[in-house]
Amino acid sequence: MRPLGKLAAMSIDPGTLIEWFDERGRDLPWRRPDCTAWGVLVSEIMLQQTPVVRVQPLWTEWLTRWPRPSALAAAPQGEVLRAWGKLGYPRRALRLHAAADAIAREHDDVVPNDVDTLLALPGIGAYTARAVVAFAYGKRAPVVDTNVRRVVARAVHGAGDAGPPSNTRDMADIEAFLPEQDAEAAKFSAAVMELGALVCTARSPQCADCPIFADCAWQRAGRPAYAGPAKPVQKFAGTDRQIRGRLLDVLRGTAEPVAKSRLDVVWSEAGRRDRCLDSLLADGLVEQIEDGRFALPGEH
DNA sequence: TATGCGTGGCA
DNA sequence: TTGCCAAGCAT
């Protein structure tokens with residue numbers, strides 16, 4: 001046991017959290033020692049805004065089918081989109097395909113191991129770049145995702161939830177607790193994320209099971225409700241996102257290009273429908289072939 | 001900095 | 001049922 005004086009000064013104790021993670025952390029395939037950096041990168045892209053349970057089977061399929069960046073890069077875009085299935089946000093699939101191509105051509109088929117090079121790749125932002133550096137290469141980097149932001153908001157700031165994101169501030173917040181040693185820092189980052197995913201959850205946090213309960217500023221403050229600005233709610237029904245999703249679903253389901261009439265049935269308002277189809281064409285998620293029919297890109 | 005971008009499960 | 005939520009990114 002640590003002395004009480006130190007406890008009071010540490011809201012997030014790395015040693016306590018790492019010990020908890022070693023015992024309670026999930027055995028996910030992209031966390032196993034034999035997982036490649038490419039496997040970690042694919043997992044991080046798939047996990048953006050998408051639950052683990054939905055990602056895991058797809059990830060296994062992808063790594064078997066495309067075990068290296070060059071293998072994915074060699075596949076047509078349409079095949080990649082079809083393999084993405086209903087994971088959501090299919091632009092991620094296109095960007096991952098483009099990133100794989102860049103890695104194969106410019107980096108000798110090896111996933112880069114530094115933040116700046118990773119940031120230059122499509123679909124890789126502040127979170128994913130540092131997650132790859134930490135989880136694929138075991139290097140020290142401040143990894144901030146929605147879980148980390150929530151844990152810091154509660155344990156450190158005593159707030160019910162995180163306010164609006166500010167990358168600079170959010171990274172500085174967790175940097176204050178990040179261990180100096182590479183391997184320990186990487187494990188700490190995984191542990192904070194895991195705590196947010198399993199215990200310090202958004203809806204009903206399991207504080208009774210929390211390893212840092214005694215150090216938590218939110219507990220000490222009496223668990224006040226979130227007091228920050230209201231978070232914008234994501235609508236889906238009736239949005240362009242829903243219409244685009246339906247259009248793509250038709251094209252994923254057919255090997256052959258389809259006539260426009262096949263797409264027109266997904267939504268009654270012609271104007272909205274056509275604008276959505278145009279936006280999919282502009283995004284490179286759909287292609288129109290010479291005879292006027294529509295298909296997933298790169299296959300015809 | 002604020003928005004738009006898919007999908008499905010759960011309370 | 002409806003709204004909230006899930007390892008963000010690009011513009």
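Numbered from 1 within each chain, the chains take letters A, B, ... in sequence-line order.
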Q) chain A on DNA chain C: first and last contacting nucleotide, 5' to 3', under 4.0 Å to a heavy atom? A) dG3(C) to dA10(C)
(Q) D291(A): which residues meet the salt bridge (Lys or Arg N to Asp or Glu O under 4.0 Å) condition with it, sequence neighbours left out? (A) R293(A)
Q | Partners meeting ring pair (Phe, Tyr, Trp, His ring centres under 6.0 Å) with W62(A) (sequence neighbours left out) | A | W66(A), W84(A)
**Q.** Electrostatic pair R32(A)-D27(A), nearest N-O below 4.0 angstrom
**A.** yes
Q. Near DNA chain C, under 4.0 Å by heavy atom, which residues of residues 260-275 of chain A?
A. none
Q: Give the minimum heavy-atom separation between N167(A) and A126(A), together with the two atoms involved.
A: ND2-CB, 3.6 Å
Q. So what does L96(A) touch, heavy atoms closer than 4.0 Å: a base, only the sugar-phosphate, or nothing?
A. nothing
Q. Charged N to carboxylate O under 4.0 angstrom, E175(A) versus R140(A)?
A. yes
Q) With the sugar-phosphate defined as primed atoms, P, OP1 and OP2, and the base as all remaining atoms, what B/S/- string results for nucleotides 5-11 of chain B, 5' to 3', for protein heavy atoms under 4.0 Å? A) BBBBBB-
Q.
Check R149(A) with D170(A), please: is the shortest side-chain N to carboxylate O separation under 4.0 Å?
A. yes
Q: Only counting residues at least two apart or in another chain, list the ones meeting salt bridge (Lys or Arg N to Asp or Glu O under 4.0 Å) with R262(A).
A: none
(Q) Taking dA7(C) as the reference, what is the distance to dG4(B) when you measure between their P atoms (whole Å, please)? (A) 23 Å
**Q.** cation_pi(K231(A), Y226(A)) dist<6.0 Å, angle<=45
**A.** yes
(Q) Please enumerate all residues that pass ring pair (Phe, Tyr, Trp, His ring centres under 6.0 Å) together with W59(A), with sequence neighbours excluded. (A) W30(A)
Q: Can you tell me, in whole Å, how much space there is between the P of dC4(C) and that of dT3(B)?
A: 16 Å
Q) Looking at residues at least two apart in the chain, or sitting in another chain, which of them share a salt bridge (Lys or Arg N to Asp or Glu O under 4.0 Å) with D101(A)? A) R105(A)
Q: Go through residues 153-162 of chain A and report each residue with a non-hydrogen atom lying under 4.0 Å from DNA chain C, sorted by number.
A: none
Q. If you draw the axis of the six-membered ring of W218(A), does the NZ or CZ of R223(A) fall within 45° of it and under 6.0 Å from the ring centre?
A. yes
Q.
If you assign each of R31(A) and P122(A) to its closest nucleotide in DNA chain C, which residue comes earlier from the 5' end?
A. R31(A)
**Q.** Derivation of the side chain to side chain contact (heavy atoms under 4.5 Å, CB included) call for L198(A) and R26(A)
**A.** CA-CA 9 Å; L198(A) 298 182; R26(A) 291 166 294 181; 3.8 Å; yes
**Q.** Partners meeting salt bridge (Lys or Arg N to Asp or Glu O under 4.0 Å) with D108(A) (sequence neighbours left out)
**A.** none
Result block: side-chain N/O donor-acceptor pairs under 3.5 angstrom for residues 241-249 of chain A, not counting sequence neighbours:
from, atom 1, to, atom 2, distance (Å)
R241(A), NH2, K235(A), O, 3.1
Q242(A), OE1, G238(A), N, 2.7
R244(A), NH1, S279(A), OG, 2.7
R244(A), NH1, D283(A), OD2, 3.0
R244(A), NH2, D283(A), OD2, 2.9
R246(A), NH1, V266(A), O, 3.0
D249(A), OD1, R252(A), NH2, 3.0

Q. With sugar-phosphate meaning primed atoms plus P, OP1 and OP2, does P164(A) contact a base, only sugar-phosphate, or nothing at under 4.0 Å between heavy atoms?
A. nothing
Q | Note: D182(A)-K187(A) ion pair, threshold 4.0 Å (strictly below) | A | no
(Q) Suppose you measure atom P in dG8(B) against the same atom in dC9(C); what distance do you get, rounded to whole Å? (A) 23 Å
Q: Could you grab the distance from atom CZ of R272(A) to atom CG of L277(A), nearest 0.5 Å is fine?
A: 13.5 Å
(Q) At a heavy-atom distance below 4.0 Å, what parts of residues 126-147 of chain A sit against DNA chain C? (A) A126(A), Y127(A), T128(A), D145(A), T146(A), N147(A)
Q: Pick base, sugar-phosphate or nothing for W30(A), based on heavy-atom distances below 4.0 Å to the nucleic acid.
A: base
